[in-house]
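Reminder, nothing fancy here: chain letters follow the sequence lines and each chain counts from 1. Below, all heavy atoms of this structure are taken into account, side chains as well, without hydrogens, waters or symmetry copies.
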Amino acid sequence: MQFPKKDILDMASLSAEEIMLILNTAENMKEISERPIKKVPTLRGKTVILLFYEPSTRTRLSFDIAAKRLSADSLSISAGTSSVVKGETLIDTAKNLEAMNPDMIVIRHSSAGVPHMLAGRVKASIINAGDGMHAHPSQALLDMLTVRQNKKTLEGLKIAIIGDISHSRVARSNINGFTKMGSSVVLAGPPTMIPMGIETMGATVTYSVDEAISDADVIMMLRIQKERLKSFSFSTEREYAITYGLSADRMKQAKPDVLIMHPGPLNRGVEISPEVADGPFSIILDQVTNGVAVRMALFYLLSGGVKNADDN
Amino acid sequence: MLTIIKGGRVIDPGNLNSIMDIHISGGKIIKVIETGNNDESADRIINAAGKIVTPGLIDMHVHLREPGHEYKETIASGALAAVHGGITAICCMPNTNPVNDNRQITEFIIKKSKAASAARVYPVAAISHGLEGKVLNEYGDLKQAGAVALSDDGMPVTDSQLMRRAMEYAKGFGLLIISHCEDPDLVADGVMNEGAVATRMGLAGIPNAAESVMVKRDIALCELTGSPLHIAHVSTKESVAAIREAKKNGIPVTAETAPHYFILTENAVGQYDTFAKMNPPLRSEEDRKSICEGLSDGTIDVIATDHAPHSILEKDIEFDMAANGIIGLETSLSLSLQLVDDDILSMEGLVEKMSKNPARILGFENGIQADLPADITIIDPDTEYVIDVTDFRSKSVNTPFNGMDVKGKAVLTIVGGKIVFDGLE
Ligand SMILES: [Zn+2]
Ligand SMILES: [Zn+2]
């Protein structure tokens, strides 16, 4: 199957078959990262621009490594270091980038919809590396790859996502992704952090973390940001940790083979206690490894890759 | 010089609804008589057979960008856009730069609009100095200079005491207060209607309550002061219900909505289309239906456009940073005629919302009868066409209606006896 999309903008626009193809391709890519010489010539001569309007070390590094392992030329532009801060509009920037003839542009932006906007203006493939509260498809894909690796399936699982759903593009992308593959998603958090109409995306909602994690196969904890205090989303970190945090004690009622995930960076002691974050159920570091593989797969497929990755 | 509008269906609600001839001379209507062969002395005969002839349409909520942002719209381009859309009079909001909060700006606007010789332009002056919600302006001076109403449109008056005093003080000068109802704390960083669509798109939402809490406050202040109050751009079902209830209780409140609130819903935001971004935002289908009901049962008195020109500099950018507002002068009539097609309003009802009621609320002379100024709109109700921004007189093109199929349009516009737009030939 040839990958039929020009861009990866969000999980909502990917079909179950496309998701499966990405995950299978990523599975093959993992092997490359385990070789002593972690580099294949597949994308030699291709140019990837990493355009980050929001600070991010982890995601940018992950995309950068992925590009390099496939021998693509990658260059990073961050809002702090280029003309993007000097009153140049997004469209100006897009036109300038277009003139450099990149094959792919990875973009992160604090405004939802920016990757969509860019995709309509440039010939290069756009990969959304996170846009506002909207979507973060590569994160959802790596989460799904990690779960599949551990559970051997993505069907019939119960995924609990806990925390600030309102502000989370990771939650939105995972709801779309997991429900598409036949799993169910339950959301939990304080009502201030559950956005209106989220159940129309196919998830169920509870305000009780205990209820959400009982019989969950996967528990995904979201980062709590102190800034949310200003918008009255919660009272204190102390009360948040007690009511909505994942403690060792609370873990006692979870399934024995439950997986604990977190998109990072962690707020130890707030949404997740250190024992749980570092405990036996945690696959948080697997997520990081799989991130590179998924991003390699996206680069490969968007460059028109049709063969299996291991043909290289 | 005698002009006769011949053989059109003259609709002046409460006065006329039949095939008549209108004789115009010296800028006024001199007589309205049964159609016949009595036109030997006419200098010009306008054949209006098959057309609808109405008192000039009035848009009581328009943003012209002069002074300050002439690249978006000037007083002249706005006045020309109005008559191209069949509108003979517009009220322009004070959020220019500098703000229209003093005699000089009000007089400047009137002077400029006279030179344009298109639609009549009636300035709405600011309630508070600089729209800052702190100090009342000199309403007496502003009225003398030609301001017809007061509004801090765009900047809600959050200080309830100031709003109360503004309403009382305005009453002393016989000026109407027009309220932009929006609680900025509830809006917070919202950029579209709160609900499933915003949630899926990852955009911060604006709840209906952000509008209705202030509608309800202002109704309470209207009841307290007995001063007439006009609620701008009603978009939610809760606001409609509150206004309906207030009217039932005899509180002197009136209200307007805009075509986008009875035609579009939040779904129009689609792929982050900034041309569907305005304030208040496009709401849900349920709200849209309530707006239609409010128009139909008389809760909403007026259709105005909230014409808000912006250039690509403000619109072709990130959705959450893009400016609010769409243009409306040249689409308002065609879009509103859909209400007649959908049996929400009769043709008479439409003329009330777009001409008679705004005139009544603002105290303008208006109607098809002898001795009144000849401000007249001739409408072809049957022409089907596609809305095309390249045909607009406005300097801006920010409308989500470009490319839409519509039926009915203004074909001739007369202001003070002068033909200012002629699309008949
Ligand atoms: Zn307003
Ligand atoms: Zn306005």
Side-chain angles (χ1 to χ4, degrees), chain A residues 7 9-13 53 84 87-95 107 109-121 128 130-137 165-173 175-176 187 193-203 205 227-228 230-233, chain B residues 71 183-211 236-238 265-277 281-287 310-324 398 400:
Chain A
D7 312 293
L9 300 179
D10 51 35
M11 294 303 288
S13 56
Y53 284 84
V84 289
E88 183 178 278
T89 69
L90 185 69
I91 300 307
D92 293 333
T93 308
K95 283 180 190 151
I107 180 162
H109 199 288
S110 57
S111 296
V114 163
H116 285 76
M117 193 172 168
L118 216 54
R121 314 283 178 125
N128 180 1
D131 63 329
M133 308 183 292
H134 173 233
H136 193 354
I165 310 296
S166 276
H167 293 91
S168 177
R169 54 193 175 209
V170 175
R172 284 173 178 78
S173 284
I175 295 168
N176 277 325
L187 308 170
M193 293 179 173
I194 307 286
M196 195 182 277
I198 189 83
E199 56 300 330
T200 64
M201 292 179 70
V205 172
E227 304 95 89
R228 305 292 170 228
K230 278 183 254 152
S231 56
F232 321 114
S233 289
Chain B
Y71 67 98
D183 180 330
D185 292 322
L186 276 173
V187 172
D189 49 2
V191 294
M192 74 172 286
N193 186 46
E194 181 167 301
V197 181
T199 291
R200 263 181 271 138
M201 296 180 75
L203 293 171
I206 301 171
N208 281 15
E211 174 177 305
T236 74
K237 61 177 190 295
E238 293 83 359
T265 67
E266 56 194 338
N267 289 319
V269 178
Q271 293 296 313
Y272 302 93
D273 182 1
T274 58
F275 283 3
K277 184 182 179 189
L282 295 172
R283 300 286 186 182
S284 69
E285 176 61 13
E286 215 184 318
D287 292 302
H310 289 296
S311 80
I312 57 163
L313 293 175
E314 296 83 25
K315 282 296 195 183
D316 200 12
I317 58 172
E318 295 85 336
F319 188 89
D320 54 1
M321 308 203 207
N324 284 308
N398 52 308

Return the option, out of A:A135, A:S110, A:G197, A:S111, with the maximum number of heavy-atom pairs under 4.5 Å with chain B.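 Going by pairs under 4.5 Å, I would pick A:S111.
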A quick test of your reading: do over 12 heavy atoms of other residues, nucleotides or ligands sit less than 6.0 Å from CD1 of B:I312? no
For atom CD of A:E199, decide whether the heavy atoms of other residues, nucleotides or ligands shown that lie under 6.0 angstrom number more than 12.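 Atom CD in A:E199 is crowded, with more than 12 foreign heavy atoms closer than 6.0 Å.
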Could you grab the distance from atom [atom1] of [X] to atom [atom2] of [Y], nearest 0.5 Å is fine?
X: A:T89; Y: B:E314; atom1: OG1; atom2: CD; answer: 11.5 Å
X: A:D131; Y: B:M201; atom1: CG; atom2: CE; answer: 10.0 Å
X: A:D10; Y: B:R200; atom1: CG; atom2: CZ; answer: 11.5 Å

Could you tell me whether the side chain of A:R172 and the main chain of B:T199 form a donor-acceptor pair under 3.5 Å? yes
Counting heavy-atom pairs closer than 4.5 Å to chain A, which one of B:G202, B:A204, B:A188 comes out on top? B:G202
Let's go through A:M133 and B:L203 carefully: what are the C-alpha distance in whole Å and the side-chain angles of both, what is the deciding distance for side-chain contact (heavy atoms from CB on, under 4.5 Å) to 0.1 Å, and is it a yes or a no? CA-CA 7 Å; A:M133 308 183 292; B:L203 293 171; 5.7 Å; no
Between A:I198 and chain B, which part of the residue has a heavy atom less than 4.5 Å away: side chain, backbone, both or neither?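 Both the backbone and the side chain of A:I198 come within 4.5 Å of chain B.
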Let me know if A:H167 has heavy atoms under 4.5 Å from chain B in its side chain, its backbone, both or neither. neither
Evaluate the ring planes of A:H134 and B:Y272, with Trp represented by its six-membered ring, and classify them as parallel (under 30°), tilted (30 to 60°) or perpendicular (over 60°). perpendicular
For B:D316 and A:R121: C-alpha separation, side-chain torsions, deciding distance, then whether salt bridge (Lys or Arg N to Asp or Glu O under 4.0 Å) applies. CA-CA 12 Å; B:D316 200 12; A:R121 314 283 178 125; 2.5 Å; yes
Proximal component of B:Q271, with respect to chain A [non-hydrogen, under 4.5 Å]: side chain
